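Since we're looking at a predicted model, the values are computed, not measured. What you see below is based on every heavy atom in this structure, not just the backbone, and it leaves out hydrogens, waters and symmetry mates.
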Amino acid sequence: MMIDEKKRESFGSRIGFVLAAAGSAVGLGNLWKFPYIAGRNGGAAFLFIYIVIIVCIGITAMMAEVLIGRMGRLNAADTFEKLGGKKWKPVGLAGILCTFIILSYYSVIGGWIVKYFFMSFTDLIEQAGAGKTGEIFGAFVSNPSQVIFYQGIFMLITALVVLFGIKGGIERSCKIMMPMLFVAMLVLIIRAVTLPGAMSGIEFYLKPDFSKVTSETWLAALGQGFFSLSLGAGAIMIYGSYLPKTENIVSSVKQICFIDTAVAFLAGLMIFPAVFAFGAEPAAGPGLTFITVPTLFAKMSGGVVFAVIFFLLFFVAALTSSISLLECSTGYFVDHGMDRKLATLITAALIFLTGIPSAYSLSGGLKIGSRDFIDAAGYLTDSIMMPLCSMFCCIFVGWVLNRELVKREATSDGKIGFGSFNIWMMMVKFVAPAAILVIFFTGLKW
């Protein structure tokens with residue numbers, strides 16, 4: 001039995017919703033993935049294309065998800081059933097399942113960050129100075145008991161936030177953590193840009209060379225823009241369901257996308273000057289975070305302090321995303337009458353257990369085909385489930401929901417802030433689904 005929607009929790013303010021939803025979008029995809037993808041695709045030229053895609057596709061698709069959530073005022077599965085009938089419920093269930101799977105392996109990576117945060121207080125920088133960062137990381141991820149221990153710590157912290165509800169847990173924590181994230185980034189940026197030789201990195205990042213742009217650059221920017229906003233996973237939709245009817249969806253979504261893009265931009269400004277200053281490889285891949293960056297800090301004066309700030313920054317980014325992923329599954333059980341505390345603990349425990357194969361996979365154990373289990377789980381969510389769910393959200397808004405109801409929910413006098421309602425509907429009906437299909441088919445390479 002579902003709870004009374006009138007008694008349903010909600011965010012206390014628009015800024016609370018914006019910071020929470022931005023926190024959901026701002027995750028490791030911005031801080032970890034964006035810099036090395038930009039590095040592989042020409043720096044500033046990639047950044048320009050990325051911003052264009054966020055404005056044209058990202059805002060359109062996120063508006064669709066927030067709108068569905070607020071119209072339904074329930075979890076993703078019951079929202080689709082309420083608004084579109086039982087045949088649409090599987091789309092919502094798929095979104096909830098997607099967040100469940102994502103958090104199962106995301107919590108493993110979150111555990112890595114917790115481990116490195118603690119290590120940054122001890123001998124991490126000393127070991128990095130001796131050129132042992134690769135050995136340290138390899139030894140850690142090859143030790144399943146340690147990985148699972150730190151995964152458990154990360155899941156426990158995530159559950160503690162969600163356990164206190166929307167206003168008391170998620171909104172309050174994001175109002176603290178998001179400003180903290182920006183302060184930490186600014187401290188690291190100031191240190192990076194004042195390093196000798198940093199200007200080469202700034203030039204690489206901010207001076208476009210469009211001769212390097214290829215079709216692969218566009219596809220990379222399209223994929224990164226889509227995934228960095230957490231579209232298609234149900235997390236943005238569940239947050240939208242807690243958004244009061246008095247708040248404007250369009251301005252809220254634009255602010256979320258601006259914050260998300262700002263963090264991605266600042267991440268590059270934080271990484272590239274230091275990478276170029278010390279002659280590291282700007283396209284180093286995911287190892288940039290756990291192998292290359294500690295080595296860079298070892299070469300700086302005050303490296304220990306900056307390492308602590310860096311891994312605190314990554315922890316905050318991971319946590320703001322993980323609480324939205326956990327809330328997506330927890331919200332389903334709460335809507336069906338379960339006590340929030342019990343729902344949170346049960347869901348967190350199930351996700352933790354589901355993540356154990358991912359924790360084991362990098363120790364040379366579990367594989368699916370040629371992929372480690374953790375990579376296969378990421379492939380399932382990032383390349384299949386998220387694009388399909390997001391595409392169906394756009395189709396649902398553009399082709400299934402009553403046009404006048406959508407207009408009333410999304411606009412004021414037919415205006416949506418960056419164009420007319422008709423232009424946005426055209427984007428939702430045709431452009432966004434087509435772009436998402438491109439992401440889907442290009443991501444299917446096993």
Does atom [atom1] of [X] have more than 12 heavy-atom neighbours, drawn from other residues, nucleotides or ligands, at distances under 6.0 Å?
| X | atom1 | value |
| --- | --- | --- |
| Arg14 | CZ | yes |
| Lys207 | NZ | no |
| Phe440 | CZ | yes |
| Phe182 | CZ | yes |
| Phe278 | CZ | yes |

Answer yes if the ring centres of [X] and [Y] are under 6.0 angstrom apart, and no otherwise.
| X | Y | answer |
| --- | --- | --- |
| Phe290 | Tyr116 | yes |
| Phe392 | Phe80 | no |
| Phe311 | Phe117 | no |
| Phe46 | Phe34 | yes |

Can you give me the closest heavy-atom contact between [X] and [Y], atom names plus distance?
| X | Y | value |
| --- | --- | --- |
| Leu229 | Gly58 | CD1-CA, 3.5 Å |
| Pro387 | Thr381 | CD-O, 4.0 Å |
| Gly95 | Cys389 | N-SG, 3.8 Å |

For Lys429 and Trp424: C-alpha separation, side-chain torsions, deciding distance, then whether side-chain contact (heavy atoms from CB on, under 4.5 Å) applies.
CA-CA 9 Å; Lys429 282 186 169 185; Trp424 177 71; over 6 Å; no

Is there a donor-acceptor pair under 3.5 Å between the side chain of [X] and the backbone N or O of [Y]?
| X | Y | answer |
| --- | --- | --- |
| Ser321 | Ala318 | no |
| Thr194 | Arg191 | yes |
| Gln151 | Phe352 | yes |
| Asp339 | Leu342 | yes |
| Ser107 | Gly110 | no |
| Ser390 | Met386 | no |

Among Leu103, Leu160, Thr158, the one residue meeting side chain to side chain contact (heavy atoms under 4.5 Å, CB included) with Ile323:
Thr158

Min side-chain heavy-atom separation [X]-[Y] under 4.5 Å:
| X | Y | value |
| --- | --- | --- |
| Met180 | Ile176 | yes |
| Glu327 | Thr344 | no |
| Phe258 | Ile54 | no |
| Val161 | Ser322 | no |
| Phe310 | Ile271 | yes |
| Phe226 | Leu222 | no |
| Ser329 | Thr99 | yes |
| Phe315 | Phe154 | yes |

Derivation and outcome, side-chain contact (heavy atoms from CB on, under 4.5 Å), residues Arg8 and Tyr242
CA-CA 8 Å; Arg8 197 165 194 268; Tyr242 299 126; 3.2 Å; yes

Verify side-chain contact (heavy atoms from CB on, under 4.5 Å) between Ile101 and Thr354, making sure each step is shown before the conclusion.
CA-CA 8 Å; Ile101 297 172; Thr354 306; 5.8 Å; no

Could you walk me through whether Arg340 and Glu9 pass the salt bridge (charged side-chain N to carboxylate O under 4.0 Å, His left out) check?
CA-CA 11 Å; Arg340 169 169 283 276; Glu9 293 180 272; 2.9 Å; yes

Is Glu409 salt-bridged to Arg70, going by a charged N under 4.0 Å from an acidic O?
yes

Hey, is Lys167 close enough to Glu171 for a salt bridge, meaning N to O under 4.0 Å?
no

Those residues that, when tested against Val193, pass side chain to side chain contact (heavy atoms under 4.5 Å, CB included) (two or more places apart):
Ile189, Ile202, Pro273

Taking atom types as modelled, find out whether [X] and [Y] have a side-chain donor-acceptor pair closer than 3.5 angstrom.
| X | Y | answer |
| --- | --- | --- |
| Tyr50 | Ser228 | yes |
| Asn75 | Ser241 | no |
| Ser24 | Ser324 | yes |

Going by ring pair (Phe, Tyr, Trp, His ring centres under 6.0 Å), name the pairs with one or both residues in residues 81-111, residues two or more places apart or in two chains.
Trp88-Phe396

Could you tell me how the ring of Trp399 sits relative to the ring of Phe430: parallel (under 30°), tilted (30 to 60°) or perpendicular (over 60°)?
perpendicular

Set out, in order, the CA-CA distance, both residues' side-chain angles and the distance that settles ring-ring contact (aromatic ring centres under 6.0 Å, His included) for Phe204 and Phe276, then state yes or no.
CA-CA 9 Å; Phe204 169 81; Phe276 274 78; 5.2 Å; yes

